[in-house]
Amino acid sequence: MTIDVFGLLPTELEERLAELGAERYRADQILQALYRQAARALGQVTTIPAALRSRLAAEDFDATLADPVRIVSSEDGQTTKALLSMESGTLIETVLMQYGSEQGKPRNTVCVSTQAGCAMGCVFCATGQMGFERNLSAGEVVRQVMHFERVLQSRGHRVTNLVFMGMGEPLANYNATVKAIRILTDPRALGLGQRRITVSTVGIVRAIERLAEEDLQIGLAISLHAPGNQLRAELVPTAAPRSVDDLLAAASAYERKTGRRVSFEYALIAGVNDDEETATALGALLGPRRAHLNVIPLNPTAGSFARPSRNSVRRFKTILDAAGVNCTIRIEKGVEISAACGQLRTGEGIVSVEAAEPGTQ
Ligand code: SAH
Ligand code: SF4
């Protein structure tokens, strides 16, 4: 069976090498080449002896990064979506967003998928509507980051931030998600800062409680979408009947345990959850918490839901601001290439520039 080197923690790689009779320090040479020099495959790791390279090949160790099936870039070149072929041909999407400089330093954020498809069925989300195919492994998550890390390194840059906001529900693939985070943040591997990682979840309470115990300094974003249980259940059919209260309690516990603030996400949908009454109820819920709310005006998908007008978005924000909520409107990147939140799906013909609705940004 193939051993995916990108799915191993540095300590695990050491153990595997020891089993083959190789010295432990060989692990660091391999990790250095894969993560710091973004080698294309183990065969390119020339710092280890040729005999060890052949042995690893014979034992089916693999760290080959596949060429993307398709790359689509937005007109401004800041957003790039890669269609990647994973183990057994599963297709998933990964997005790179390059922001202007942050005190002179560019911010390069990769948005990873954790599942092919998603079982949560949120009614406004393209991934949710395509259904669930399978969980990705930790190595498959790491590979997505490494795909763009290699592209960036060739231009003298690095991946600086990571968001788990691609296809799938990260906390429904809990073990692979947490393991990928541990690999990517390990100083001996990619060494990303934990504080530069955000996991976005539809709100699986038990998993949030578990994540709080992991001793990770990662950010957590909870997709709320409604201030009340009834409306939330219409939008997130898999939500528990009393999910709003439970989520707020889980968020508080996460904050107490990790010292990190939880933020909330809200896909704003015309005529569904963008009216004054809903905004007021949301303000009453989140205002006392001084919560951070990220409003994402709906990105077009195949469904019948529509993005609210600018005025409606502005009104929503005004009400929340007045209630003491730290409300930001997410500036969506990549809408015209269907690379924005909720637009990722790999169905036939959907992943193309032509399939996206023009003029929606
Ligand atoms: N499954 C996780 C993470 C992936 S979705 C989650 O649901 O949080 C990332 C974000 O995109 C979520 O907040 C989700 O609600 C939002 N989203 C999904 N479809 C969207 C759409 N069509 N327009 C805007 N945001 C959307
Ligand atoms: Fe899954 Fe998130 Fe889409 Fe809901 S919004 S269907 S949880 S990917």
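Atoms within a ligand are numbered from 1 in the order they appear, just like the ligands themselves. All of these numbers come straight from a predicted model, not from anything done at the bench.
Shown in contact with G168 at under 4.0 Å from a heavy atom are these atoms of ligand 1, numbered in order with element: 1 (N), 2 (C), 3 (C), 4 (C). Here is the list of ligand 1 atoms found below 4.0 Å of a heavy atom in S223: 6 (C), 7 (O), 8 (O), 12 (C), 13 (O), 15 (O). Less than 4.0 angstrom separates some heavy atom of E265 from each of these atoms of ligand 1: 10 (C), 13 (O). The contact set between ligand 1 and T201, taken as ligand atoms under 4.0 Å from a residue heavy atom, comprises 6 (C), 8 (O). Against a heavy-atom cut-off of under 4.0 Å, G166 is close to the following atoms of ligand 1: 4 (C).
Of the N or O atoms in F164, none lie within a sub-3.5 Å distance of an N or O in ligand 1. The shortest N or O to N or O distance between T301 and ligand 1 is not under 3.5 Å.
When only non-hydrogen protein atoms are considered, atom 3 (C) of ligand 1 lies nearest to S200 O, 3.4 Å. For atom 18 (C) of ligand 1, the closest non-hydrogen atom on the protein side is G342 CA, 3.4 Å. Given atom 9 (C) of ligand 1, the protein heavy atom at minimum distance is M165 O, 3.7 Å. In this structure, the protein non-hydrogen atom closest to atom 11 (O) of ligand 1 is C341 CB, 3.3 Å.
Residue contacts with ligand 1: C118 is excluded, as none of its non-hydrogen atoms falls under 4.0 Å. Taking a 4.0 Å cut-off on heavy atoms, H225 registers as neighbouring ligand 1. Remark: distances from the non-hydrogen atoms of A126 to ligand 1 are all 4.0 Å or more.
A donor-acceptor pair shorter than 3.5 Å can be found between the side chains of Q144 and T94. When only modelled atom types and interatomic distance are considered, R196 and N161 share a side-chain donor-acceptor pair under 3.5 Å. Remark: the D274 side chain and the S312 side chain contain an N/O donor-acceptor pair separated by less than 3.5 Å. Between the side chains of R307 and N299, a donor-acceptor pair is found at a separation under 3.5 Å. With hydrogens and angles left out, the side-chain atoms of D62 and T64 include a donor and acceptor closer than 3.5 Å.
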Side-chain atoms of residues 232-239: list all donor-acceptor pairs with protein atoms under 3.5 Å, sequence neighbours left out, distances to 0.1 Å.
from	atom 1	to	atom 2	distance (Å)
R232	NE	L224	O	2.9
R232	NH1	S243	OG	3.1
R232	NH2	V202	O	2.6
R232	NH2	S223	O	2.8
T238	OG1	M120	O	2.9

In a table with atom names and distances, give each donor-acceptor pair under 3.5 Å that connects a side chain of residues 3-15 to protein atoms at least two apart or in another chain.
from	atom 1	to	atom 2	distance (Å)
D4	OD1	F6	N	3.0
D4	OD1	R143	NE	3.3
D4	OD1	R143	NH2	3.0
D4	OD2	R143	NE	3.2
E12	OE1	L9	N	2.9
E12	OE1	K179	NZ	2.8
E12	OE2	K179	NZ	3.3
E14	OE1	R24	NH1	3.1
E14	OE2	R188	NH1	3.4
E14	OE2	R188	NH2	2.6

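Counting heavy atoms of neighbouring residues, nucleotides and ligands inside a 6.0 Å radius, atom CG of D215 does not exceed 12 of them. E87 CD: 12 or fewer foreign heavy atoms inside a 6.0 Å radius.
Under 4.0 Å is where a charged nitrogen must lie from a carboxylate oxygen, and between R210 and E213 no such pair does. Under a 4.0 Å N-O distance rule, the pair R134/E140 qualifies as a salt bridge. Note on R314 versus D321: no salt bridge recorded, every NZ/NE/NH1/NH2 to OD/OE distance being 4.0 Å or above.
The backbone N or O of E276 lies less than 3.5 Å from a partner atom in the side chain of T280, making a donor-acceptor pair.
Residue-level proximity to ligand 1 for T127 is absent, since no heavy atom of it falls below 4.0 angstrom. When non-hydrogen atoms are compared, ligand 1 lies under 4.0 Å from the backbone of E169 as well as from its side chain. Residue contacts with ligand 1, taken as heavy atom pairs separated by less than 4.0 Å, involve N299 via backbone and side-chain atoms alike.
Under the rule for a salt bridge (charged side-chain N to carboxylate O under 4.0 Å, His left out), the partners of R242 that lie at least two apart in sequence or sit in another chain are D245.
Listed by chain and number, the protein N, O or S atoms at a distance under 2.8 Å from atom 1 (Fe) of ligand 2 are C118 SG.
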